[in-house]
There are 2 protein chains.
Amino acid sequence: MLRVLSVFTGSEGDFFVGSREVMRVVNPISPAVKAEIDQILEAIIYLYTESRRITKEVARRANLTGPQLTVVKLLEHLGSLSLTELSEKIRSQNSTVTGIIDRMEREGLVSRARSQEDRRVVHIHLTDKGAQLALEVAVEPMEIFRAAIEDLTPTETKELMKILTKIAKRVQRAVATATERSVKPTDSKSKEPTS
Amino acid sequence: MLRVLSVFTGSEGDFFVGSREVMRVVNPISPAVKAEIDQILEAIIYLYTESRRITKEVARRANLTGPQLTVVKLLEHLGSLSLTELSEKIRSQNSTVTGIIDRMEREGLVSRARSQEDRRVVHIHLTDKGAQLALEVAVEPMEIFRAAIEDLTPTETKELMKILTKIAKRVQRAVATATERSVKPTDSKSKEPTS
DNA sequence: CACTAATGCTTCGTGTGCTAAGTGTTTTCA
DNA sequence: TGAAAACACTTAGCACACGAAGCATTAGTG
């Protein structure tokens, strides 16, 4: 149930782009369908960005940034985590998390402890101050979004899940095909769709 | 049809968080429903992040960053835009776009031109080099995502639109209520920067 | 056992991204 | 009309975010 706890660590500026070359999808669409698709995209975008904004707002009240709040809540729930574990949870690079932890350590919210079993590993845990802060920020992750989904009828929920999963699968296939084909020029980076 | 052209200019790290305090939604949910909701969230997150990743990848091949590619394609389609118009299109602050344009101008991809009608305004347009680059990167925005949605049956598309819109509306209401209540600086937190 | 590869983390450089504050230009309106 | 407000943009300071390179430490191999 903590699976989706720490997910929206957004990156720097990007936006949806697909390549026609890559996709080879050129079937013409009616304007009506196009409008529907636009509306779907807008809704998804709205939900994503709005949720991010809310997170930030909640964090700000506790004098934290978005990622810092994420870390605080993760450590509160899971106790101690290695830096790499933390990176995976918040879907960021190790180097990014190093910076976040640096700043949080500076503020006295977390502390690092070298592992005894494997001296490469650093365990990160909340300090008393950090734990106190975690208590004060009574936040459950993604709650607004989750509540909105709960508001649907069971049928709608199932339907939504089914359709979104279908889209995700379709995108995964497209990505797989695309990267496969484009690993020849200046060494294209590719990534597995981590289901 | 360019409405959703330049949308995913992500911000820095945040993630979905809602506050129970704020929402006041505490009805217990069955584990099954919780799992469904998680799956829905995962799908949305996947679609968002994957699309961003794809954009970045496409941009990298043209020696551009995500936002820069967005700007190039926007200017290619729309000709000249003021900085503020550009900011709105890519959903970023003016100050952010100033930086992006600075770097693109440095690379000789775009140029600034003070407006004659209103001397506060700066028009940005592609240089020959920028236009050439735009041609080389044959990209239609959000195409992978769009193609995946087109792959649905008409019924599914309508249903998806309906449900997502419903969720978005619900979130909007929740946000409105929440901000209404929290506009006052609820200074109840331990805010000692200790720096 | 030595040697290489892999792993965990940090450092560095660049590019967003935001807010707040600053500089000019128009608009508004008393 | 003339000062205040609004607007367009830039600057400055901070916090991500990523990739690449570097430093230890551990694992894997001959």
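A note on names: the letters A, B, ... follow the listed sequences, proteins ahead of strands, and every chain is numbered from 1.
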Does dA15(D) have OP1 or OP2 sitting under 4.0 Å from an N or O in the side chain of Q68(A)? no

Set of residues satisfying side-chain contact (heavy atoms from CB on, under 4.5 Å) with respect to K169(A), sequence neighbours excluded: T165(A)

Nearest whole Å is fine: how far is dT11(C) C1' from R103(A) CZ? 13 Å

Let's see if you can work this out: which of dT10(C), dG15(C), dC18(C) has an atom nearest to the side-chain heavy atoms of K56(A)? dC18(C)

Going by number, which of residues 117-125 of chain B have a non-hydrogen atom under 4.0 Å from DNA chain D? R120(B), V121(B), V122(B)

At 4.0 Å (heavy atoms only), tell me whether Q93(B) reaches a base, stays on the sugar-phosphate, or touches nothing. base

Any donor-acceptor pair under 3.5 Å from R114(B) side chain to R120(B) backbone: yes

Rounded to the Å, how far apart are D102(A) CG and dC9(C) P? 13 Å

Distance check needed: dT10(D) P versus L86(B) CG, whole Å only. 11 Å

To the nearest Å, how far apart are R114(A) CZ and dC9(C) C1'? 7 Å

Not counting sequence neighbours, which residues clear salt bridge (Lys or Arg N to Asp or Glu O under 4.0 Å) with K158(B)? List them please. E36(A)

Just to verify, what does T127(B) make a side-chain contact (heavy atoms from CB on, under 4.5 Å) with, not counting sequence neighbours? S111(B), K129(B)

For S82(A), answer base if it contacts any base atom (sugar-phosphate contacts may also be present), sugar-phosphate if it contacts only those atoms, and nothing otherwise; contact means non-hydrogen atoms under 4.0 Å. sugar-phosphate

Would you say L78(B) and V97(B) are hydrophobically clustered, going by side-chain heavy atoms of ILVMFWY under 4.5 Å? yes

With R112(B), which residues qualify under salt bridge (Lys or Arg N to Asp or Glu O under 4.0 Å), at least two apart? D102(B), E105(B)

Closest approach to the side chain of S95(B), judged atom by atom: which nucleotide of dT11(D), dA15(D), dG19(D) is it? dT11(D)

Closest nucleotide of DNA chain C for R106(B) versus for N94(B): which of these residues is on the 5' side? R106(B)

With a 4.0 Å cut-off on heavy atoms, is T84(A) in touch with a base, just the backbone sugar-phosphate, or nothing at all? sugar-phosphate

N/O (side chain, T98(B)) to phosphate O (OP1/OP2, dC9(D)) under 4.0 Å: no

Please determine if a side-chain N or O atom of R112(B) lies less than 4.0 Å away from the OP1 or OP2 oxygen of dT10(D). yes

Round to the nearest Å and state the distance from R60(A) atom CZ to dA20(C) atom C1'. 13 Å

Under the side-chain hydrogen bond (donor to acceptor under 3.5 Å, both in side chains) test, residues paired with Q116(A) that sit two or more places apart: none

Side-chain N,O (T96(A)) to OP1/OP2 (dC18(D)) below 4.0 Å: yes

